[in-house]
Each structure stands twice: as structure tokens, then as C-alpha cells.
Amino acid sequence: MSLIDIRKRSLSIETIYHEGGPPPATPLRLAAACAVIHNPYAGRYEPDLMPFMAELRSLGTLLATELVEVLGRDKVEVYSKAAIVGVNGELEHGAVWHEAGGWAMRDVLGEPKAIVPSAKAVAATGYRLMVPLHYIHAAYVRSHYNAMEVGIQDAPRPNEILFALVMGTGGRVHARLGGLAKEQVSVHDGQR
């Protein structure tokens with residue numbers, strides 16, 4: 001029996017044309033794919049979450065593939081992941097997404113080098129979560145530090161979890177604060 005029972009999914013896309021300055025040649029696109037599932041461990045302590053984490057890889061692949069189809073695989077420059085656990089669950093039920101969601105995005109994107117940032121919370125229905133974003137090939141590319149809000153009005157219910165993956169096509173519009181530029185990233189910069 002599957003541990004993944006999806007109640008609903010959502011896809012949100014933002015297109016940023018400018019931030020008060022001159023419009024870029026290509027607008028920035030950010031997208032979040034979310035899935036709301038039943039929490040199989042709501043209301044009880046489960047010592048072994050590894051089977052759940054392993055099974056969530058398929059959900060991660062589904063969401064990552066959807067984002068790549070919307071944005072274009074070769075255009076994705078930033079990524080992140082998030083989980084909002086309903087109040088009958090625990091934070092560790094969202095932490096399973098670190099491996100499952102991160103693995104899926106790396107697999108679909110061709111093994112980028114940088115860690116996948118994340119955010120998670122245990123919260124009431126309708127909670128919105130700001131998810132940090134950064135460059136997929138090196139964590140310290142300052143121009144690509146950004147965030148996107150995720151959430152669904154009727155989720156997660158107390159016995160649910162909302163899992164999200166976020167990708168975008170570039171750094172902040174009008175980024176001009178120096179630091180390591182994406183063009184300067186070398187093979188050893190993946191984690192710096």
C-alpha cells in the first residue's frame with residue numbers, strides 16, 4: 001500500500017518584468033509545484049521514516065519534472081524545496097523532503113553542484129511559507145539569493161503535509177551587490 005495519497009496539487013508561476021528599474025531583456029520566471037498529501041504518521045510517533053522518504057522520491061520527480069516542463073530545463077538557474085506539516089504531524093515528517101525533493105531536482109536537472117536550500121514548518125491550514133532560493137551550481141552566487149512564497153488556502157489540513165519544489169530562471173532582477181558571479185563559478189565552487 002502506498003504511503004502517498006495526494007489530495008491536490010498546484011502550480012504557481014510568477015513573471016517579474018522589473019523591480020522599478022529598466023526591464024531586463026528576459027523577464028525572470030519563478031515557479032512552485034506543490035502537492036498536498038495525507039500524512040501517514042499524523043497523530044502518532046513513527047520511529048522509522050525511511051520508507052516514507054524513499055517513496056517520496058516519486059513525488060519529487062513528478063513535481064520537478066512539472067517545473068522543468070514549465071520553465072525549460074536549460075533555463076533553470078535557482079531552486080529550493082519546502083514542506084508545511086499539518087498540526088497533527090511533526091517537523092520530522094517534513095524533513096523527509098530534504099532527501100526526496102532534493103534528489104529529485106538534482107536528477108531531473110542533471111546533477112547540479114550546489115546544496116538545495118529549504119524551509120519547513122508545522123502550521124495550521126492556509127499557512128504561507130517563504131522559501132529561499134539560490135544558484136543551482138554554487139551556493140554563494142549572491143545575485144541569485146531570492147525567495148518565493150508557497151502555500152495553498154485550504155492546506156495542509158491537520159492530517160496532511162504540503163510538499164513544494166521551487167525553481168526559477170535566474171537571479172534577482174536588477175541584482176547589483178557584487179560577490180561571486182555565476183560566470184566565475186568553477187568546478188570546485190559547488191558548495192561555496
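Just so it is clear, the model here is predicted, and its values are computed rather than measured.
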Closest heavy-atom pair, L177 versus R142, reported as atoms and distance to 0.1 Å, is O-NH1, 2.7 Å
So, for L59 and A35, which heavy atoms are closest and what is the spacing to 0.1 Å?
CD1-CB, 3.7 Å
Output yes when E111 and R106 qualify as a salt bridge under the 4.0 Å nitrogen-oxygen rule, no when they do not.
no
Any donor-acceptor N/O pair, H144 side chain to H134 backbone, under 3.5 Å
no
Which atom pair, heavy atoms only, marks the closest approach of A155 to R7?
CB-NH2, 3.7 Å
Are the side chain of T125 and the backbone N or O of P156 linked by a donor-acceptor pair below 3.5 Å?
yes
Backbone N/O of E66 and side chain of E69: donor-acceptor pair under 3.5 Å:
no
Check this for me, if you would: do R172 and E19 make a salt bridge, where the nitrogen-to-carboxylate-oxygen distance has to be below 4.0 angstrom?
no
CG of L63 to NZ of K81, rounded to nearest 0.5 Å, is 13.5 Å
R73 side chain vs V108 backbone, donor-acceptor pair below 3.5 Å
yes
Return the minimal non-hydrogen interatomic distance between A139 and A114, and the atom names on each side.
N-CB, 3.7 Å
Any chain of hydrophobic side-chain contacts (each under 4.5 Å) joining L62 to V96?
yes
Nearest 0.5 angstrom please: H174 NE2 to S143 OG, how far?
14.0 Å
Test ring-ring contact (aromatic ring centres under 6.0 Å, His included) applied to H93 - qualifying residues, sequence neighbours left out:
Y41
Quick one: pull up CG in N39 and CD in E90 and give me the separation to the nearest 0.5 Å.
8.5 Å
Taking all heavy atoms of M130 and all of P132, pick out the closest pair and write down the distance.
O-CD, 3.9 Å
Taken in chain and number order and not counting sequence neighbours, the residues that satisfy ring-ring contact (aromatic ring centres under 6.0 Å, His included) with Y145 are none
Give the intermediate values and the outcome of side chain to side chain contact (heavy atoms under 4.5 Å, CB included) for residues V36 and F163.
CA-CA 6 Å; V36 179; F163 289 115; over 6 Å; no
Donor-acceptor under 3.5 Å (T169 side chain, L28 main chain):
no
L67 to L165 - nearest heavy-atom pair and separation
CD1-O, 3.4 Å
So does R57 pair up with E55, basic N to acidic O under 4.0 Å?
no
